[in-house]
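Report on the structure given below.
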Amino acid sequence: MTNQAVTDLIARSNRLGADPKNTNYAGGNTSAKGTDTDPVTGEPVELLWVKGSGGDLGTLKPEGLAVLRLDRMRALVDVYPGVEREDEMVAAFDYCLHGKGGAAPSIDTAMHGLVDAAHVDHLHPDSGIAIATAADGQELTAKIFGERVVWVPWRRPGFQLGLDIAEIKARNPQAIGCILGGHGITAWGDTSEESERNSLWIIETAQAYIDEHGRKEPFGDVRAGFEALADAERRARAAALAPTIRGLASTDKPMVGHFTDAAEVLDFLASEKAPALAELGTSCPDHFLRTKVKPMLLDLPADAAVEASVARLKELHEQYRADYQAYYDAHATAQSPAIRGADPLIVLVPGVGMFSFGANKQTARVAGEFYVNAINVMRGAESLSTYSPISDAEKFRIEYWALEEAKLQRMPKPRTHQGRIGFVTGAASGIGKAIATRLAAEGACVVVADLDLEKAQAAAAELGGADVAIGVAANVADEAAVQAALDQAVLAFGGVDLVVNNAGLSLSKPLLETTEKDWDLQHDVMAKGSFLVSKAAARILIDQRLGGDIVYIASKNSLFAGPNNIAYSATKADQAHQVRLLAVELGEHGVRVNGINPDGVVRGSGIFASGWGANRAATYGVKEEDLGQFYANRTILKREVVPENVADAVFVLTGPELSRTTGLHIPVDSGVAAAFLR
C-alpha cells in the first residue's frame, strides 16, 4: 500500500514538472517527510522521500524516489566535516537509506532533509533564475517578494547549502522560500498543497514583476542583417549547414543533433547584445552541464553565402576548442577528471536558429531546450538589471565535480550504433522495416523513408517517439524528393551516417512480355533511385567528415540468371556494381559501401505481397503460400530467409566488427550455389 505522503508527492511533482515555466526536463527536485512502519520492528519511523538523482519531475514515479531515515539523515549534522569535505556526505546518505532505499540520493538531498518543513520544492524556473542571475538580485528579491522570500548567495549544491537554507528558514519564520543566487528557487510548506502553492507564487510573482517593470527591449536593438530569414530559406540554410556543424561538434566523439528555429532563439540572435551575452555563458548548473560553459556563435549576417558560413564555422570551432582547453587548464587540479571534450554542444547561427548536440537525440533536444531556458533567463535579468552568471571557476567546480564524474561513470555503456543516424528507404514494411527496427534497437536514430508517408510515419511510431525515429516521404526516383527527405533527416538528427538503399519493386515477366514501361519503372526505383539517394547522402557524409556507411540491398538475382525477371535482375546487377564503384570513390572520405544479396524473402515482403509472389509461384508451379518453403528447399541450408536475417547482415556490416570492410557483397540466401561470388 502506497503511503499517502508519497502519493501526494508524486502528484505534486508531476504537476510542477509538466509545466516548463516551473522547471526544465530532469531539473529540480521535490520531497516529503512522513511516517511509515518499520518492517523489522513494526514501529512507526519518520522518513524522507526525495526525487532521486537524474529523475524527471514530470514523469516521476514512486520507484524514482530515494527513501531515507529522517533521524539518521539529520544526525549527519553531528559528523559533518565542513565545507571543504562536504562531498563525503553523499556517500554517507547510503547509511541513511530505509530498506532498499529506492533511487540513488541526489546531491540536493541535504536541502530537503535538513530544512524543517514537511514538504520542500527546489525548482529552476526561468523567472526565478532571472532574479537569481541579476547583478542586483539580492535587492530585487527584497523588492519583489518582501520578507516572504529570502536571498541566498551562490553556493554550490551540497550539504552546506542544505545547512544554510535550514538556518535561513529557522531565522525567518515568515518566509515561504528562497532565491538561490545564480541557481534557482526553493520553497516549502506544511502540506504538499502549501508547498506547491508557495512554489508557484514565487514563480508567478517573479514573472509578473518582470512583465510589469522590465525593459521593452532587454537585448537591445536589432542588428541589421541578422534578422530571421524567411521560413523556406531558413530551413534550407539550416539543412545545408547542419552536416558541417555536426561534424565539428563530433570532433571528439560522435554526436546526434537537434535543430530549432524557435522565435526566442531567432530574436535573441538578431539582437545587439547576443554576442556579449552568449560569451558570458549560462549560470544554472542544470543549464551549463547540458549546454557546456558557453555556446559557439557564428558572427556572420544571416544572408552570408553558405560557403562563407562553412569556412567561418570551421575557424570559430578551432578557436572554441582552444578557449575550452584554456578554461580547463585554468581551473583543473591534479584531482580533476580528464577533459571530456572541447567541442560545443550549442551552435548558434543568426537568421537560421540553434543546433544542439548530445550522445543521443533526447540529450541533444534537451540541451537545446535548456539553452532556450537560458535565453529566457538572460532576457529577464537584462530587462530588470544586468545578467551576471556565476564565475567560470564555479562552473568548472560543478562541471568537473567528482560527484558529477561518478554519475557519468554509472551510466550504461552505449550500444553499438548509439550516436549514428540511419536513413532507410522502403522502410515502411518488409526488409526495410526490419532493418530500421534493428538499427533502432542497437541505439541508432532512424529515418524511415517510404513512398507512402502515412505508412512511414506509422512504422517510425512503432520504433518509439521522435527521439528515436521519424517517417518521411521519399520517392527515390525523384531527385528533388530525395533531397527533401534527406533535408528532413539532417534537420531532425543533425546529419546522416548510415544509408540503406532498400526501396524496390518487381514485375515477374519473360523478355517478350516485358514492356519499356516495365523496364523503366524498375530501373527508376532501384538503379536510378539508389544512385540518387547515394549521391545526395554522399554530400552529407563528406561534409560531416565522420565516415559512414552506404548499404545496397541487392539480390541473389544480381548474379543468378533466374527465369522471367529480366528487368528486375538487370537492375539488381546495376545496384551490385554501384557498390563496387562507390566503394572505390568514397573510400577516401572514410565511407564504406557494401551490399547484401538476399533471396526468397517472402514473409513480410512488400514486393512479394504486391504480385511478385504470385508470379514467382506460378513460374515455379507451386502454391503462393508454399513459396517461402520452396525457396528454402532449394538452398544448401534448407532454411527460409526472413527480413530479420537481412537486418542482421546490415547490423554487422555497419557495426564496429567490419570497420575495415568495403566493396563486399554478403549473400543472405541460405546458400544458393549458383549465386556464389567466387
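Heavy atoms only: backbone and side chains are in, while hydrogens, waters and symmetry mates are out. Bear in mind the structure is a predicted one, so any value in this text is a computation, not a measurement.
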For the pair [X] and [Y], find out whether any cationic side-chain nitrogen is under 4.0 Å from an anionic carboxylate oxygen.
X	Y	answer
Arg379	Asp126	no
Glu204	Lys21	yes
Asp108	Lys51	no
Asp392	Lys294	no
Arg171	Glu167	yes

Is there a side-chain contact between [X] and [Y] (heavy atoms, below 4.5 Å)?
X	Y	value
Asp261	Arg235	yes
Val67	Trp49	yes
Asp343	Met255	no
Leu463	Val448	yes
Val50	Met111	no
Val377	Cys284	no
Leu269	Val349	no

Treating [X] as the side-chain partner and [Y] as the backbone partner, does any N or O pair qualify as donor plus acceptor under 3.5 Å?
X	Y	value
Arg397	Ala393	no
Ser385	Ala381	no
Arg215	Glu382	yes
Lys361	Ala492	yes
Trp188	Ala175	yes
Arg72	Leu97	no
Asn3	Thr35	yes
Asn14	Leu60	yes
Ser127	Ile203	yes

If every non-hydrogen atom of [X] is compared with every non-hydrogen atom of [Y], which pair is closest and at what distance?
X	Y	result
Ile210	Ala130	CD1-CB, 4.0 Å
Tyr324	Gly341	CE2-O, 3.3 Å
Tyr387	Leu280	CD2-CD1, 3.8 Å
Phe357	Gly257	CD2-CA, 3.6 Å
Arg365	His258	CA-CG, 3.8 Å
Gly27	Asp286	CA-OD2, 2.9 Å

* To do: Apply ring-ring contact (aromatic ring centres under 6.0 Å, His included) to Tyr400 and list each qualifying residue two or more places apart in sequence or on a separate chain.
  =>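 Here the qualifying residues are Tyr328, Phe396.
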
* Asked: With sequence neighbours left out, what residues match His183 under ring-ring contact (aromatic ring centres under 6.0 Å, His included)?
  ->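 ring-ring contact (aromatic ring centres under 6.0 Å, His included) list for His183, sorted by chain: His122, His124.
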
* Would Leu491 and Gln488 count as a side chain to side chain contact (heavy atoms under 4.5 Å, CB included) if you check the C-alpha gap in whole Å, the side-chain angles of each, and the deciding distance to 0.1 Å? -> CA-CA 5 Å; Leu491 291 179; Gln488 287 182 263; 5.9 Å; no

Could you verify whether a donor N or O on one side chain and an acceptor N or O on the other, from [X] and [Y], lie under 3.5 Å apart?
X	Y	result
Asp8	Ser192	no
Glu369	Asn373	no
His112	Ser31	yes

Counting only heavy atoms not in [X], do more than 12 sit closer than 6.0 Å to its [atom1] atom?
X	atom1	value
Glu63	CD	yes
Arg74	CZ	yes
Glu46	CD	no
Glu147	CD	no

* To do: Evaluate side chain to side chain contact (heavy atoms under 4.5 Å, CB included) for Leu9 paired with Thr30, printing each intermediate quantity in order.
  => CA-CA 7 Å; Leu9 172 60; Thr30 51; 3.6 Å; yes

* To do: Check the pair Arg69 / Leu47 against side chain to side chain contact (heavy atoms under 4.5 Å, CB included), numbers first and verdict last.
  => CA-CA 5 Å; Arg69 289 275 299 256; Leu47 299 177; 4.0 Å; yes

* Could you go step by step and tell me if Val490 and Phe259 meet the side chain to side chain contact (heavy atoms under 4.5 Å, CB included) rule? -> CA-CA 9 Å; Val490 300; Phe259 172 73; over 6 Å; no

* Among Lys395, Lys292, Glu399, the one residue meeting side-chain hydrogen bond (donor to acceptor under 3.5 Å, both in side chains) with Tyr327 ->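 Filter result, single survivor: Glu399.
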
* Asked: In Å and rounded to the nearest 0.5 Å, what is the CD1 to CG distance from Ile129 to Asn24?
  ->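 Answer for the CD1-CG pair, Ile129 versus Asn24, is 6.5 Å.
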
* Name the orientation class of the two ring planes belonging to Tyr80 and Phe159 (parallel below 30°, tilted from 30 to 60°, perpendicular beyond 60°). =>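 It falls in the tilted class, 30° to 60°.
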
* Name of the residue among Ile176, Ile165, Asn172, Ile179 meeting side-chain contact (heavy atoms from CB on, under 4.5 Å) with Val150 ->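 With Val150 as partner, Ile176, Ile165, Asn172, Ile179 yield a single side-chain contact (heavy atoms from CB on, under 4.5 Å), made by Asn172.
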
